[in-house]
There are 2 protein chains.
Amino acid sequence: MSSNKVQHILNYFEDYWPIEETTAQLLKNSVIFRELKRKEFILKQGEKCNYIYFVVKGVLKLFHTDDNGNQHNLQFATEKLWLTDFGSLYNDTPSELYIQALEPTSILQIKKKDLFVLYDNSPLFDRNMRIVTENAFIEQQNRLLQTISSTAIERYQYFLNKYPDLSNRISNVQIASYLGVTPEFLSSIRKKTVNT
Amino acid sequence: MSSNKVQHILNYFEDYWPIEETTAQLLKNSVIFRELKRKEFILKQGEKCNYIYFVVKGVLKLFHTDDNGNQHNLQFATEKLWLTDFGSLYNDTPSELYIQALEPTSILQIKKKDLFVLYDNSPLFDRNMRIVTENAFIEQQNRLLQTISSTAIERYQYFLNKYPDLSNRISNVQIASYLGVTPEFLSSIRKKTVNT
DNA sequence: CGTTTTTCTTAAACTATCTTATTGTTTTAA
DNA sequence: TTAAAACAATAAGATAGTTTAAGAAAAACG
């Protein structure tokens, strides 16, 4: 069942460092395919994150809930993107974060233990994951820069330009939480920018 | 001259995956030791970033300058931290960022070409750099969360707690630029929090 | 040492963003 | 298909953060 789904990850690696046949086999045996309902959680605050996830179809959101119960979206992951709580995964600490599906979503998941076996058996796999992390770092750095240097209007327009597809798939509440503003304020921004 | 300085990096790797003797030799031949004056630049906007840097002593700041000439600090790097513009380094694109010394600073630098040779010759080196990037990602993610979810006062207090040493080494102008507020507003925050 | 540059503070007016509350609309789930 | 829940829009008053300008303090540097 999940054995053919691993092809999604192999295709992904084709753009970087295609892995050896033996590693592909190892991966095939480690990967688990899973279908999530809308709103289903795969990680909750307080749990240890034991998996790294790869989105085949759908959207995941990674978010934090603060003391007042407000949600703050750290990341969305759509098709062909990786997602995990690295901090919890590697340091074996309880996660402060949630991961939830925003649509019915299909994912591939690799257990921490299996991930480490893959690292140890395949330098190419290890390298691919270095590149995955580097790319995530670069993107996050751009966003951080935006966040400390731009106004909410600019951030919203940047988001629309950068993720035109995602913008139409998720609600404005989710976008507001990602931009770091209230839904009401995003609404007022939208009103202003439409009339330009 | 620089041959003994490489020990700083070898010590760093001791905490993760100590590299083989042959790789250490390779590294020794690649690494260049460099002493920077206060305010000296090692990367400027428009240039390609050709190096990855490791701070032996001192402080570097990575920042962006916007259209109005305002600086925004993305990262500080003190002793035993790595710094580069990954985007420019890996994609061969002109950098949007500056790297500048805030104090007289000693660094080790590895040229892109040599870095890639190291990756190819030593899976352990490659893995160490994966971990370096993962740690940087985690830290940056925490900061991003703070930035979209907390008030400037909270961010300032968090900064003081997390980097007590750095707080005393750099000016409030630099801290304000890191927090994403004006120096004037940081000053008013300081006034409020001192009197608590 | 003295001079120059940078940094820190203050305050007032201004702008961005938040809070709360109300209403109508769309989506979801039974 | 309908009741419940989530979403979107709007507005008014409150708070957070900026701008500008000026003077005092501290640090850098020859």
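Per chain, numbering begins at 1; letters A, B, ... match sequence-line order.
- As rounded to whole Å, 14 Å separates atom P of C:dT6 from atom CG of B:L102.
- For the residue pair B:Y90 / A:E134, a side-chain donor-acceptor distance below 3.5 Å is found, with atom types taken as modelled.
- Residues from residues 165-175 of chain B lying near DNA chain C, meaning a heavy-atom separation below 4.0 Å, are B:S171, B:N172, B:V173 in numerical order.
- For the 3.5 Å distance criterion, the side chains of B:S177 and B:Q174 fail to qualify, holding no donor opposite an acceptor.
- In this structure, B:D126 does not pair ionically with B:R130, as no charged nitrogen and carboxylate oxygen lie closer than 4.0 Å.
- The footprint of chain A on DNA chain D, defined by a heavy-atom cutoff below 4.0 Å, extends from D:dA6 to D:dA11.
- A:Q7 and A:N11 form a side-chain donor-acceptor contact under 3.5 Å, judged by distance and modelled atom types alone.
- If you check every strand for non-hydrogen atoms under 4.0 Å, A:K39 touches sugar and phosphate atoms only.
- The local environment of NZ in A:K44 is sparse, with at most 12 non-hydrogen atoms from other residues, nucleotides or ligands closer than 6.0 Å.
- Not one side-chain nitrogen or oxygen of B:R190 sits closer than 4.0 Å to the OP1 or OP2 atom of C:dC8.
- B:Y53 and B:R34 form no side-chain donor-acceptor contact under 3.5 Å, judged by distance and modelled atom types alone.
- A:T84 pairs with exactly one of A:L62, A:L115, A:L89 by the side chain to side chain contact (heavy atoms under 4.5 Å, CB included) rule, that one being A:L89.
- At a cut-off of 3.5 Å, with distance as the only test, no side-chain donor of B:T105 or B:E35 sits close to an acceptor on the other residue.
- In summary, the aromatic rings of B:F125 and B:F13 are positioned with their centroids under 6.0 Å apart.
- Counted by atom type alone, A:Y51 and A:D85 present zero donor-acceptor pairs between their side chains at under 3.5 Å.
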Base-contact (B) and sugar-phosphate-only (S) positions in nucleotides 16-26 of chain C, heavy-atom cut-off under 4.0 Å, - elsewhere | -BSBBB-----
